[in-house]
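As the structure is a prediction and not an experimental result, all values here were calculated from the model. Each chain gets a letter, A, B and so on, in the order the sequences are listed, and its residues count up from 1.
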Amino acid sequence: MISARELMRCRSYDLTELTNQILHQKRKEIEYEEIRNMYLLSPHLLKLIELTLLDSTYILRIMYELNVIPLALQITNICGNVMTRTLMGGRSERNEYLLLHAFTEKNFIVPDKEYKKKQIVNEGNDDEDLDGTRTQKTQGKRKPAYAGGLVLEPKKGFYDKFILLLDFNSLYPSIIQEYNICFTTVNREAVNKSINSDEGELVDVPDWGLEPGILPTEIRKLVESRRQVKQLMKGDVNQEQYIQILMKTKDTVQAMNLDVIYGDTDSIMINTNCTEYEQVFKIGNRVKAEINKLYRLLEIDIDYVFKSMLLLKKKKYAALSIKKAPDGSLIEEKEMKGLDIVRRDWCDLAKEAGEFVVGQILSGENRELIVETIHSKLIEVGEKVKNNDIPVELYHISKQLTKNPEDYPDKKSLPHVQVAMRFNSKGGRKMKAGDTVAYVVCEDGSALPASQRAYHPDELAKSETLKIDTKYYLANQVHPVIARLCDPIDGTDAAHLAECLGLDPSGYKHAAKQEEMDDDDALLGGVEMSDEEKYKDCNRFKFICPGITCGREIIFDGVFTGAEQFLECTLSKCPNKDCEVQLAGIIDQLVNQLTNDIRQHVRSYYQGWMKCEDTACGMVTRKLPLTFQRGHPICSACNKGILHTQTTDSWLYTQLCFYQHVFDYERAKMKLSDKEQSMANTRLKDYKEHYDILKNVTTKWLRKNAYSEVNLTKLFDGLSVLKTEIKMES
DNA sequence: ATGGTAGGTCCCACCT
DNA sequence: AGGTGGGACCTAC
């Protein structure tokens with residue numbers, strides 16, 4: 001059981017489940033009451049003995065299948081600990097032994113191990129023992145000892161363009177190597193002070209000149225040997241092609257807007273807005289190259305290319321990954337993270353329905369068709385449930401006991417604890433901490449809340465009166481799982497989904513979708529945007545006509561006006577009929593105006609007005625607060641929200657692109673009819689140089705500023721956080 | 001005594 | 001009635 005916990009993921013780790021999962025055999029369970037009876041007749045007793053021996057062979061065969069002994073031996077050889085201890089689980093002891101050997105070899109004397117009690121958030125005397133020592137009986141949340149990985153707010157929604165997933169390989173080990181983090185190199189006093197203070201002061205990274213520490217050296221050995229093993233396992237598949245891609249990276253000169261849609265700790269997801277596999281790889285490799293330049297050892301790499309993706313929440317998404325097989329064909333694979341479907345505490349009925357829905361959404365089919373298919377599937381599920389046409393196993397819900405059942409202070413409303421208590425009261429095998437309890441929610445004639453109507457599957461099987469609570473399963477299992485998946489999908493909503501399942505839809509709001517589109521999203525969104533859309537938040541270029549009798553405000557929205565034989569250039573003359581001013585003749589004034597406008601925007605960008613992200617607070621300030629959380633300024637008004645700059649670099653970038661666009665003669669020409677194009681090439685062609693002058697003004701500003709070519713901002717935001725982390729923020 | 005933090009979701013008690 | 005905070009569980013990294 002312990003080894004299986006370490007080596008595989010499973011709903012439950014009891015022998016019946018493992019035998020089923022690994023050996024694909026059905027183990028016969030004997031109920032406690034039966035055992036006594038089996039002693040009454042010798043054939044029955046023989047049967048009992050036979051079953052017991054069979055259990056032993058199951059255990060041996062499972063260990064064989066999982067390679068338990070060779071793997072444990074390998075770990076023990078590497079760490080130099082005791083093999084029985086390896087087999088007993090517990091990871092830290094293995095690390096301790098590995099380091100003890102490494103330090104001893106270098107003639108260090110290692111201090112005795114200290115056992116420290118961990119601080120509980122809610123200070124109080126309630127779990128103080130008689131002798132005054134603090135116990136950890138109340139496993140209330142501890143205050144985290146240090147800050148963990150940053151998780152970017154995802155740009156939720158469904159994507160059908162290729163998504164790149166890049167991640168740092170073995171981030172923490174690499175950080176340790178990159179910055180030479182070791183017990184021997186880090187200022188331990190400062191670390192302890194930092195841990196014990198509430199402020200979480202930062203500790204400096206070790207000086208660059210120091211000798212490599214023991215920890216980084218050991219980690220390098222481990223990472224190297226792991227890399228070798230991986231290489232051996234991979235064989236020579238794909239290598240040639242891999243290198244070739246790498247070589248062509250330089251060719252991708254085209255400036256691109258990298259749209260970072262999500263990231264968790266050591267990874268970044270980029271919407272490439274692209275539908276060509278090879279092209280996606282080029283983009284990915286460019287990013288990779290940019291980032292890897294920054295570090296000595298830290299290395300980012302392309303992990304996945306997703307063909308379509310449903311991004312729901314932090315740590316919750318589904319995607320269709322594609323890989324090239326050795327024969328060149330593309331292999332698709334579903335990748336699901338965090339969704340209810342991958343959790344064991346939802347019943348299979350809900351999970352299977354959810355799996356179907358995810359499959360549909362990712363299929364890339366026509367949206368209306370998908371919605372229709374989902375609806376009819378739900379109608380089918382609803383009817384099957386009502387007609388008792390569902391195998392009872394699909395209703396099983398599993399939850400693990402984290403304490404022994406009797407140790408829960410509030411067991412009344414924890415279904416799995418109640419079921420375990422009843423099970424234990426029968427005598428025989430006792431369910432205890434770490435066991436997984438299966439239960440079903442039943443109608444039992446009482447009016448109690450669902451959480452108090454949970455029964456062991458055996459109780460349901462034996463009872464005449466208990467019945468599956470079908471409404472609970474439709475409303476509280478299937479519906480929420482499906483509704484969450486469909487949230488970003490247009491054409492359906494919680495109420496409609498409920499209706500399909502045969503539930504009363506009035507309780508579910510026909511609410512608008514949860515759309516969290518901010519300016520950034522609009523700018524970089526997943527769909528290819530029209531120019532109007534892309535530049536909708538931009539300031540237009542306005543100019544007051546200097547004509548003595550005119551003074552008209554002229555708005556430049558493009559190069560050409562009118563159509564066909566009446567086609568004109570916006571620079572030819574003032575739009576005021578009675579005004580004779582030739583705009584192309586006063587190009588210097590226009591250049592001045594444009595330069596001023598751009599300066600204004602750049603200034604406002606550097607002035608750095610910030611706004612609190614908490615809309616309830618809404619604080620606007622230029623004063624940088626004194627408190628930071630992982631590199632982000634915290635609003636001093638509400639002490640909660642993160643302050644964001646109002647004129648963002650991406651906005652400024654778009655604004656400059658907009659000016660460029662307005663004066664782009666060649667590009668505007670492409671959109672004209674054939675007849676108009678020929679006019680643009682003849683009668684109007686002299687205006688081109690005037691537009692070019694204005695266009696070049698903006699191009700110069702775009703070049704001048706770092707935010708121009710590639711929008712890596714978010715990405716580097718993430719990276720700077722990583723840098724902060726290695727300063728061991730407490 | 002027996003790796004960690006971040007984060008979503010459900011449920012209940014408690015408050016306004 | 002509706003918000004909030006904490007416990008419990010499970011997952012991502």
Asker: Does the pair A:Glu355/A:Lys351 count as a salt bridge with the N-to-O cut at 4.0 Å?
Answerer: no

Asker: Step through the shown structure and confirm whether more than 12 heavy atoms of other residues, nucleotides or ligands are within 6.0 Å of OH on A:Tyr97.
Answerer: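 At most 12 heavy atoms, drawn from other residues, nucleotides or ligands, come within 6.0 Å of this atom.
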
Asker: Is any side-chain N or O of A:Lys314 closer than 4.0 Å to OP1 or OP2 of B:dG7?
Answerer: yes

Asker: What's the spacing between A:Leu503 CG and A:Leu497 CG if we round to 0.5 Å?
Answerer: 10.0 Å

Asker: Using a 4.0 Å heavy-atom cut-off, does A:Arg9 contact any base of the nucleic acid, only the sugar-phosphate backbone, or nothing at all?
Answerer: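 Counting heavy atoms under 4.0 Å across all strands, the contact made by A:Arg9 is with sugar-phosphate only.
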
Asker: May I ask you to decide if the ring planes of A:Tyr317 and A:Phe306 are parallel, tilted or perpendicular, using 30° and 60° as cut-offs?
Answerer: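 It falls in the tilted class, 30° to 60°.
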
Asker: Can you figure out which of C:dC13, C:dC9, B:dT2 approaches the side chain of A:Lys337 most closely?
Answerer: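 From the listed options, C:dC13 comes nearest.
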
Asker: Using a strict cut-off of less than 4.0 Å between a Lys/Arg side-chain nitrogen and an Asp/Glu carboxylate oxygen, indicate whether A:Asp435 and A:Lys399 qualify as a salt bridge.
Answerer: no

Asker: From the set B:dT5, C:dC10, B:dG7, return the single nucleotide nearest to any side-chain atom of A:Lys399.
Answerer: C:dC10

Asker: Just to be sure I understand the rule, does A:Tyr262 reach a base, reach only the sugar-phosphate, or reach nothing, if contact means heavy atoms closer than 4.0 Å?
Answerer: nothing

Asker: Would you indicate which nucleotide in C:dA12, B:dA13, C:dA8 comes nearest to any side-chain atom of A:Lys412?
Answerer: B:dA13

Asker: At under 4.0 Å, does any side-chain N or O of A:Lys313 touch on OP1 or OP2 of B:dT9?
Answerer: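 So the side-chain polar atoms of A:Lys313 do come within 4.0 Å of the phosphate oxygens OP1 or OP2 of B:dT9, strictly under.
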
Asker: Less than 4.0 angstrom between a side-chain N/O of A:Thr265 and OP1 or OP2 of C:dC13, yes or no?
Answerer: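 Result: no.
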
Asker: In whole Å, what is the span from the CG atom of A:Leu414 to the C1' atom of B:dC12?
Answerer: 10 Å

Asker: I want to check one thing: is the phosphate of B:dC10, taken as OP1 and OP2, less than 4.0 Å away from some side-chain N or O of A:Arg484?
Answerer: yes

Asker: Are OP1 or OP2 of C:dT11 and a side-chain N or O of A:Arg343 less than 4.0 angstrom apart?
Answerer: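 No.
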
Asker: Between C1' on B:dG3 and CD1 on A:Ile75, what's the gap in Å once rounded to a whole number?
Answerer: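 For the pair A:Ile75 CD1 and B:dG3 C1', the rounded distance is 14 Å.
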
Asker: Expressed as a whole number of angstroms, how long is the span from A:Gln418:CD to C:dC9:P?
Answerer: 13 Å

Asker: Side chain of A:Tyr146 only, please: which of C:dC9, C:dC13, B:dG4 is the nearest?
Answerer: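 My answer, after comparing the listed nucleotides, is B:dG4.
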
Asker: Between C:dA12, C:dA8, B:dT2, spot the one nearest the side chain of A:Val342, thanks.
Answerer: C:dA12

Asker: If only side-chain N and O atoms of A:Tyr317 are considered, is one of them under 4.0 Å from the OP1 or OP2 phosphate oxygen of C:dT11?
Answerer: no

